[in-house]
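To find a chain, count down the sequence lines: A is the first, B the second, and so on, and within it residues start at 1. All of these numbers come straight from a predicted model, not from anything done at the bench.
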Amino acid sequence: MIALVDCNNFYVSCERAFDPGLRGKPVIVLSNNDGCAIARSEEAKALGIAMGTPAFMISRLIKDAGVVVRSSNYALYGEMSERVMRLIQQASGQTEVYSIDEMFAVCPSPDAAAWAATLLKDIGSHTGLPVSIGLAQTKTLAKMANRAAKRSRTGYALLDTEARRHGLLAATPVGEVWGIGGKLAARLQAHGFYTAEDLTAAPAAWIRRQFGITLLRTQLELQNHPCLPWAVKAPRKQVCVARSFGKPVTTQAQMAQALARFATACAAKLWEDGTAAGTVHIFIQTNAHSPAEPQYFQSRTVHLPVASQHSPDLVKAAQQALGAIFRKGYQYKKAGVVLMDLVPAGQVQLNLFHRQPEDEKSRLMEIVDALNNRFGRDTLKTATEAADPVWALRQRHRSPQYLSNLDQIPKAS
Amino acid sequence: MKLQDVETCQIPFAGYVAAGFPSPASDYTEENIDLAKELVPRPLSTFCFRAVNDSMIEAHIPPGAILVVDKSITPRNHAIVIASVNGEFLVKYFVRNREGIRLLPANKKYKPIPIGEGCDFAVWGVVTYIIIKPG
């Protein structure tokens, strides 16, 4: 059987694992720059806080109901996610990461219920995170079973009999089926298909003609015929690092710093993938949500003479592009760096006129990496990146770096 | 023999050869100690905590010590554990007898903590190593 394992209220659960005082309380985790609620505890959901609600819109409710607010702590969530994924992998056959807190896994045991109960218990005892597990013959049904698991007493749900499968299909509106969004659901409802069970009864040829092969695959999956492939990790086609600024940026020097930081973060991803970028694209923009302010949105693309994965090259290209489009007098709210034309680093074609030996640069980047790994992420930066930037992310409520900084590990008295 | 054959010819490798003579140790070498592996045999369930006071000083835990904690182990009686009590983390001996559970300090200046029914209490993990820097 195929299982979909996912963590309940993942970001909130990670915060609670290292701050047990948050249990039982309404807790929300905010997106970058303390923007919107991207995770809510059950208590916060009960207060009516919807997913994606901007924090400023519920400031009164937060104060009156004592909602605990946390800024997103991605270093923490990333590490906890890694641990959960590895625990699932150790217990399963083939696996596929679906998101930061969800994984598809093939159950290797004929007793799926016992396997699920054990895995649930092990993830809980190893990490303190609560998970739900849905099992079925297809990925689409496993996802549906996972939703049912969240409402169950045991934390897992099996669609191992026809009775159970039909029962759940009849109780699931089409809009809640994996792969069917709002618009498609509306079209299906207009044709009289309200539940997933209705959809399975539709003629396959008609589905294929009206809605395409993707919905046909979904229908087949709902009918217990697996036809979705297991994803193999495809190499990235582009890398993008873009951020909104905590405070508006007004000078070219500040913008150059920000772009240097983004370009360096992009370089790290290239390094990880073993690729080099042939094109650097940057964009800068004012706050689209403040139409009263003068608006400016510009972008620029620079082609590198030789594809590169070295921060100094990418930073230089970004500065060059910035010089061409920066205009004084605007309050810039967001900027980004996009790297394109990615090629495997070993296949970079040297430009006839390009003189710097690639070996020297690789050695330099190795040393930078090693020092940053040992002493912390930003120990060595290219000269343009500043120490305390004015545009840094606003994260007023972020929990300590419990897992990545020895000065911030949890305290016990 | 063609030139190609010479280049791909396999030469049997007879062990580490130091300048001059074959090492008498070569048949007996073992892997070096991997401290990380010794201290953290189960990395997926291991976390670090910091002791902040002297309540466990007689258990060799001074303030500032790093505690290596394994969340997946069930504590034996009298194990040193990290416990959460009323939302705070404590490091204490976990003691269970017929009367119930108590958390005991290792310092006469501190009082034992009885854990009653309905108390907000949980064992978070078991302390497996204490790391102290001398001086």
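- I73(B) does not touch chain A: none of its heavy atoms, backbone or side chain, sits under 4.5 Å away.
- Residues from residues 95-109 of chain A never place a non-hydrogen atom less than 4.5 Å from a non-hydrogen atom of chain B.
- Counting heavy atoms of neighbouring residues, nucleotides and ligands inside a 6.0 Å radius, atom CD1 of I33(B) does not exceed 12 of them.
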What are the sub-3.5 Å donor-acceptor pairs between chain A and chain B, distances to 0.1 Å?
{"unit_1": "A17(A)", "atom_1": "O", "unit_2": "W124(B)", "atom_2": "NE1", "d": "2.8"}
{"unit_1": "R83(A)", "atom_1": "NH1", "unit_2": "P43(B)", "atom_2": "O", "d": "3.0"}
{"unit_1": "R83(A)", "atom_1": "NH1", "unit_2": "L44(B)", "atom_2": "O", "d": "3.3"}
{"unit_1": "R83(A)", "atom_1": "NH1", "unit_2": "T46(B)", "atom_2": "O", "d": "2.8"}
{"unit_1": "R83(A)", "atom_1": "NH2", "unit_2": "T46(B)", "atom_2": "O", "d": "3.2"}
{"unit_1": "L406(A)", "atom_1": "O", "unit_2": "R50(B)", "atom_2": "NH2", "d": "2.7"}
{"unit_1": "P410(A)", "atom_1": "O", "unit_2": "R50(B)", "atom_2": "N", "d": "2.9"}
{"unit_1": "A412(A)", "atom_1": "N", "unit_2": "R50(B)", "atom_2": "O", "d": "2.9"}
{"unit_1": "A412(A)", "atom_1": "O", "unit_2": "V52(B)", "atom_2": "N", "d": "3.1"}
{"unit_1": "S413(A)", "atom_1": "N", "unit_2": "F89(B)", "atom_2": "O", "d": "3.1"}
{"unit_1": "S413(A)", "atom_1": "O", "unit_2": "V91(B)", "atom_2": "N", "d": "2.9"}
{"unit_1": "S413(A)", "atom_1": "O", "unit_2": "K92(B)", "atom_2": "NZ", "d": "3.0"}

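- For L22(A), no part lies near chain B; criterion is any non-hydrogen pair under 4.5 Å.
- Here the shortest heavy-atom pairing between F47(B) and L403(A) reads CD2-CD2, 3.5 Å.
- Of the two parts of P63(B), neither the backbone nor the side chain holds a non-hydrogen atom closer than 4.5 Å to a non-hydrogen atom of chain A.
- Looking at every heavy atom in both residues, A412(A) comes nearest to I82(B) through CB-CD1, 3.8 Å.
- Residue contact with chain B, scored on non-hydrogen atoms closer than 4.5 Å, involves the backbone and the side chain of L87(A) alike.
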